[in-house]
Amino acid sequence: ILASALLAHMASGHMVMNLPTPYTPEKASTFPITAPGAGQRFPYPCQGMTDVAFRTPVTAGSATLVNFTGAAPHGGGSCQFGINYHDTTYSTNPADWKTIYTIIGGCPADTKGNLEDPAHYRGLDPEGRPQAVHCGDDKGKDCIRQFNIPFPKGLKNGNASFAWIWYNKITAKEVYMTCAPITITGGTEEQGFVEELPQMFLANIDGYTNCTTSTTGEHGVFNIPNPGKYGVQLIEPDPAAAGSCPVAPPAPFAAAGGSAG
Ligand SMILES: *[C@@H]1O[C@H](CO)[C@@H](O)[C@H](O)[C@H]1NC(C)=O
Ligand SMILES: *[C@@H]1O[C@H](CO)[C@@H](O)[C@H](O)[C@H]1NC(C)=O
Ligand SMILES: *[C@@H]1O[C@H](CO)[C@@H](O)[C@H](O)[C@H]1NC(C)=O
């Protein structure tokens, strides 16, 4: 039963960030990046995608819309949004990817499993990716959410790569990552603020991290360790979802910490 359930969701894909416009948008995949286990996998970071089709302008101190394509949100989960400053190519060192916002639970959906049944499925997009009904906001249930992610005012101006990293709830120790080329204005000319931001958390990638999150959907959402101060908790996390990763203390987000949720 497990194998056929796995095959069914492998065949239909999972989730990919579609806004800001990702690298190599016609190939950016709904499948996970390198992780233990079977199935189609892409390399860390950014699925190895590098073609700049459109560089999204972003203003430090304001929010940017982040949207997703896919019909398999796997019960939702926890996710991080982060940034890497680089010259021509983004860094392959996880320490260079800095967290600007974290969502615990409800990313990018709050639903029991997938949204592939006739009531929620919305056919394939032009690139052949399955689509499901969208919420049109950051709080709907049984639909794919979008988030207005705040970009801190202290960010350095210039070109950078923006990333979404996702730990789904019903999971085979997976981790997802989509990246997008952006240009930041309205920020600062200094690197100091960025250097103090926490590294984007990584689990489930051989060679980059030593821990794996829990394997099944019997646990709740994963509490991402060291999330930084910008973010929102939409669902109470379950310590058992940490697998062999550290069980994090309650997230330190300010009560009205962000525009997501
Ligand atoms: C979000 O993505 C979905 C799926 O591609 C699309 O149907 C929807 O129009 C997008 N929403 C926005 C605001 O771009
Ligand atoms: C940002 O990248 C674009 C190409 O995508 C380039 O034309 C532009 O000069 C770069 N800007 C800076 C500040 O490096
Ligand atoms: C993983 O564990 C090995 C052996 O203990 C250690 O050398 C390595 O630095 C660890 N890697 C990470 C990313 O923590």
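Quick note: residue numbers are just sequence positions, from 1.
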With no hydrogens and no angle check, do the side chains of D96 and N84 hold a donor and an acceptor under 3.5 Å apart?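 The criterion, which ignores hydrogens and geometry beyond distance, is not satisfied for N84 and D96.
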
Can you confirm whether the side chains of T69 and Q131 place a donor and an acceptor under 3.5 Å from each other?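 Absent: no donor and acceptor within the cut-off.
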
Quick one: does [X]'s side chain have a donor or acceptor within less than 3.5 Å of a partner on [Y]'s backbone?
X    : Y    : answer
T99  : P198 : yes
D138 : N148 : no
R145 : P108 : no
S244 : T212 : yes
S78  : G105 : yes
R122 : H134 : no
T188 : G154 : yes
N157 : G187 : yes

Are the side chains of [X] and [Y] in touch, meaning some heavy atoms are under 4.5 Å apart?
X    : Y    : value
T111 : P73  : yes
Q199 : N226 : no
T209 : N204 : no
P252 : P227 : yes
C79  : T102 : no
T56  : F162 : no
T92  : P45  : yes
I184 : I83  : yes

If you measure from [atom1] on [X] to [atom2] on [Y], what distance do you get to the nearest 0.5 Å?
X    : Y    : atom1 : atom2 : answer
M177 : L202 : CE    : CG    : 7.0 Å
Y176 : C107 : OH    : SG    : 12.5 Å
T64  : F81  : OG1   : CZ    : 11.5 Å
N159 : T88  : CG    : OG1   : 11.5 Å
K169 : K112 : NZ    : NZ    : 8.5 Å
S29  : Q47  : OG    : CD    : 5.0 Å

Closest heavy-atom contact between [X] and [Y]?
X    : Y    : value
I165 : V175 : CG2-CG2, 3.7 Å
E174 : N168 : OE1-ND2, 2.8 Å
I224 : I104 : N-CD1, 3.5 Å
E116 : A72  : OE2-CB, 4.1 Å
H74  : N114 : N-OD1, 2.8 Å
D238 : G220 : OD2-N, 3.0 Å

Check which hydrophobic residues are tied to [X] through side-chain heavy-atom contacts below 4.5 Å, counting indirect links as well, and list them.
X    : answer
Y121 : L124
V247 : none
L19  : L65

Could you check F31 against H14 for side-chain contact (heavy atoms from CB on, under 4.5 Å), going step by step and ending with a plain yes or no? CA-CA 6 Å; F31 284 86; H14 313 262; 3.6 Å; yes

Is [Y] reachable from [X] through a run of I, L, V, M, F, W or Y residues, each pair having side-chain heavy atoms under 4.5 Å apart?
X    : Y    : result
I235 : F253 : yes
W97  : Y167 : yes
V16  : M49  : no

Parallel, tilted or perpendicular: which one describes the rings of F222 and F201, with boundaries at 30° and 60°?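 F222 and F201: tilted rings.
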
Does the plane of the ring in W164 sit parallel, tilted or perpendicular to the ring in W166? Use 30° and 60° as the thresholds.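 It falls in the parallel class, under 30°.
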
Dump the intermediate steps for side-chain contact (heavy atoms from CB on, under 4.5 Å) on Y230 and L197, then the final yes or no. CA-CA 10 Å; Y230 308 109; L197 294 171; 4.2 Å; yes

Derivation of the side-chain contact (heavy atoms from CB on, under 4.5 Å) call for L234 and I103: CA-CA 7 Å; L234 300 178; I103 299 177; 3.7 Å; yes

Please name all residues satisfying salt bridge (charged side-chain N to carboxylate O under 4.0 Å, His left out) with D110, sequence neighbours left out, ordered by chain then number. K141

Strictly by disulfide bond (SG atoms under 2.5 Å apart), give each pair with a member in residues 137-175 just once, sequence neighbours left out.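 Pairs touching residues 137-175 that pass the test: C135-C143.
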
Taking everything shown except D117 itself, do over 12 heavy atoms lie less than 6.0 Å from its CG?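 More than 12 within 6.0 Å, yes.
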
Give the C-alpha distance, both sets of side-chain angles, the deciding distance and a yes or no for side-chain contact (heavy atoms from CB on, under 4.5 Å) between F193 and K153. CA-CA 9 Å; F193 175 87; K153 186 74 183 159; over 6 Å; no

Partner residues of E190 under the side chain to side chain donor-acceptor pair (under 3.5 Å) criterion, sequence neighbours left out: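 Listed in chain order: nothing, the list is empty.
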
Set out, in order, the CA-CA distance, both residues' side-chain angles and the distance that settles ring-ring contact (aromatic ring centres under 6.0 Å, His included) for F147 and Y101, then state yes or no. CA-CA 11 Å; F147 298 106; Y101 204 81; 8.3 Å; no

